[in-house]
Number of protein chains: 2
Amino acid sequence: MANTSVDYAVNERAQYFLKVLIEHYIRDGQPVGSRTLARDSGMNLSPATIRNVMSDLEEAGLITSPHTSAGRVPTVSGYRFFVDFLVSLRPLKKSEVQQMQQQIAVGADGKALAARASAALSDLTHMAGLVMIPRREQILFRQIEFVPLSGSRILVILVTSDGEVQNRVIESAKRFSESQLTQAQNFLTANYGGQDLESMRAGLLKEMQSTRKQMDEVMTQAMELAGLVLNDSDDSDGDFVLSGQTNLMGFHDLSDMTMLKHLFDSFAEKRQILHLLDHCMDADGVQIFIGEESDYEPFDNCTLVTAPYETDGGVAGVLGVVGPTRMDYNKVIPIVDVTAKLLSMALKSKY
Amino acid sequence: MANTSVDYAVNERAQYFLKVLIEHYIRDGQPVGSRTLARDSGMNLSPATIRNVMSDLEEAGLITSPHTSAGRVPTVSGYRFFVDFLVSLRPLKKSEVQQMQQQIAVGADGKALAARASAALSDLTHMAGLVMIPRREQILFRQIEFVPLSGSRILVILVTSDGEVQNRVIESAKRFSESQLTQAQNFLTANYGGQDLESMRAGLLKEMQSTRKQMDEVMTQAMELAGLVLNDSDDSDGDFVLSGQTNLMGFHDLSDMTMLKHLFDSFAEKRQILHLLDHCMDADGVQIFIGEESDYEPFDNCTLVTAPYETDGGVAGVLGVVGPTRMDYNKVIPIVDVTAKLLSMALKSKY
DNA sequence: CGTTAGCACACTATAGAGATGAGTGCTAAA
DNA sequence: TTTAGCACTCATCTCTATAGTGTGCTAACG
């Protein structure tokens, strides 16, 4: 089993001890000593032997000791090695999955679904749940309707693939007849139906610039109206739903108030976190950022476990949980994985 | 100056010392001793004399000492006496008020205004800002429009006095002609325009029960539709906007993680806090709940300073700040007061 | 009578000493 | 390769002494 670049001098037995050590540390939160590890491993070896192994693991940078005479704790590299090669995922029970499926599936539109998924994540993991609102690039355009209101106001209704019905009242300089509006909405639905909102927006823009003069004036106006709605959509830079933030206050590992304040502030600020989540859109499964791996200072003592979820148009967003680095990966990873799958199903079954 | 029921044995001089002591304690956070108080008071008295006074104040239940040989700290009753009779409010500068006015006035509808006011509160006080969304009982009904959509769906648009435009798509069993809908909306606007949403709802309900048989069937249906919209309004039990929650993590007085978690959880749960805020609707000025006075356990170490704000229809909601009991009342009270006035102005100037 | 000085007392906070215990690294032997 | 033994390091706990802060009480003073 030639694993990675750090496995020099770390043979299979040492890896096993690393696994046992980390699992013990995840349970206890206390540095693990050689005597404890010897007992825990089940193999009939003396503490002295274990000490040699631990020495190797330390040299490889996988574990470290807080001070001379404490046990050892995993380093970031140690956790990385663990989640990459050593985890024994503990899959959810059928009944748990079903219960979750029901809990999630009740919601109506994209936003409500995301909120439910987020709540489910934080409930199950007792950490903070995080679900991106489906990105505009992945929401498909289904249908548009223009409705004349009193005066020169026009109501634009946008139906999208995630079940969301956005409506916006727009002030128009020009007046349209009922039939003109019908004509316009048929045109737009026929031409852009099935496209995602982002390419629709781009398409409209391009079309309007290139063919402005040759087109029916009403059509041009209609496209401008549609463009207006797509442009000022408030979630243009993305958004996410957070649940169970306060769960993080229970962890002794995260009890430093200043750190925790930074973390909470970063949740409120959203921008950086969205940037981080964007990175996970490409990966096609669970992805994990341990401690400083996220390269985002407020997350230094945390681990972020993410998974992308899909809709008809492909990957629509990312969800995940945030918790202390010392979390139960065996349990958390399957939860995130399953939640992503269930949310995908819920979104797809809309049509 | 016969003040209250607790002023037995607490003469004017003692009150002055109480004021000085509390102001000192608010600055320092340390128990105030007799020597310090003697120096701080400006009066040329020896610590021994002060000790006698402090002894009186302690007997009156206004101050207490954490242990035999620390100074004294205010009790809840002490704070209460202070805010009721001793505060020297420090009014905001003209320029500050103007800056704030601009900051708040940009918002469009009720919800956005509330959010801005909340942000202003937390920015200025460095504590948590809290603004109730205007209550339905105080939002006036301006106008309703029914718009036929494809199929049997009808879009109902509700324009209210706080500038909010709510719209909801409703599935109707019956089909209506365009003229029927126009007739219906004229009827509703004429009959209920200017009423608040809550009495409109009640009115509709009563009307429908008493005159069901004698009325035009279309009208009855229209009223049912309107009733539907008013009923499932999601903020039927109220809502509020919270800002600067994390500011509370900076206070040493609130550093107990378990307490703080409870506090944050209570913010997320909302229900109880709304209940508390409801109580403040009646008072016509700033109201203060110190520590256990709020009778809501998560607020035991906090003070809530509130003020009601108005719209055309009278008192519309309540705003305020939450912070540690040891807060700078001289500064905070005027801020809350002014913010409420500014928000009222912003809401009223809508029409 | 209000005010003051003086004194004994109570309590906290801090630091140092010593004991304890956990765990290591190293060495030599099996 | 594994193991036992031993010296060593370091954190933690307890006990003690000490300094500092502030009080309550009493007696004296104007």
Can a side chain N or O of [X] be found less than 4.0 Å away from OP1 or OP2 on [N]?
X	N	result
B:Ser69	C:dA10	no
B:Arg72	D:dG24	yes
B:Thr49	C:dG2	no
B:Ser65	D:dT23	no

Kindly list each side-chain donor-acceptor pair under 3.5 angstrom involving residues 284-294 of chain A, sequence neighbours excluded, with atom names and distances?
from	atom 1	to	atom 2	distance (Å)
A:Glu293	OE1	A:Arg80	NE	3.4
A:Glu293	OE1	A:Arg80	NH2	2.8
A:Glu293	OE1	A:Ile290	N	2.9
A:Glu293	OE2	A:Arg80	NE	2.8
A:Ser294	OG	A:Gly291	O	3.4
A:Ser294	OG	A:Tyr296	N	3.4

Can you tell me which nucleotide in [options] comes closest to the side chain of [X]?
X	options	answer
B:Ala48	C:dC7, C:dT4, D:dT9	C:dT4
B:Ser34	D:dT3, C:dT4, D:dT23	D:dT23
B:Arg51	D:dT23, C:dG23, C:dC11	D:dT23

I need the [atom1]-[atom2] distance between [X] and [N], as an integer number of Å.
X	N	atom1	atom2	result
A:Leu57	C:dG25	CG	P	12 Å
A:Ile50	D:dT1	CD1	C1'	13 Å
A:Ile63	C:dT24	CD1	C1'	12 Å
A:Arg39	C:dG23	CZ	P	9 Å
A:Arg35	C:dT24	CZ	P	10 Å
B:His67	C:dA13	NE2	C1'	9 Å
B:Leu45	C:dT3	CG	C1'	8 Å
A:Glu58	C:dT24	CD	P	9 Å

Cation over ring face, A:Lys270 and A:Phe240, 6.0 Å, 45°
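Yes.
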When we call it a touch if two heavy atoms are under 4.0 Å apart, what does A:Ala70 touch: a base, just sugar-phosphate, or nothing?
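Sugar-phosphate, no base atom in range.
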Which is true for A:Thr68 with a 4.0 Å heavy-atom rule: it touches a base, it touches only sugar-phosphate, or it touches nothing?
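Answer is sugar-phosphate: A:Thr68 comes under 4.0 Å of backbone atoms only.
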Want to settle it: does A:Asn52 or A:Thr36 sit nearer the 5' end of DNA chain C, counting the closest nucleotide to each?
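Of the two residues, A:Thr36 wins.
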Please check this pair: side chain of A:Asp28 against backbone of A:Gln30, looking for a donor-acceptor N/O pair closer than 3.5 Å.
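No.
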Under 30°, 30 to 60°, or over 60°: which ring-plane class applies to A:Phe267 and A:Phe299, parallel, tilted or perpendicular?
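A:Phe267 vs A:Phe299 ring planes: perpendicular.
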So, B:Arg27 and B:Asp40, do they make that salt bridge, N to O below 4.0 Å?
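Yes, charged N to carboxylate O under 4.0 Å.
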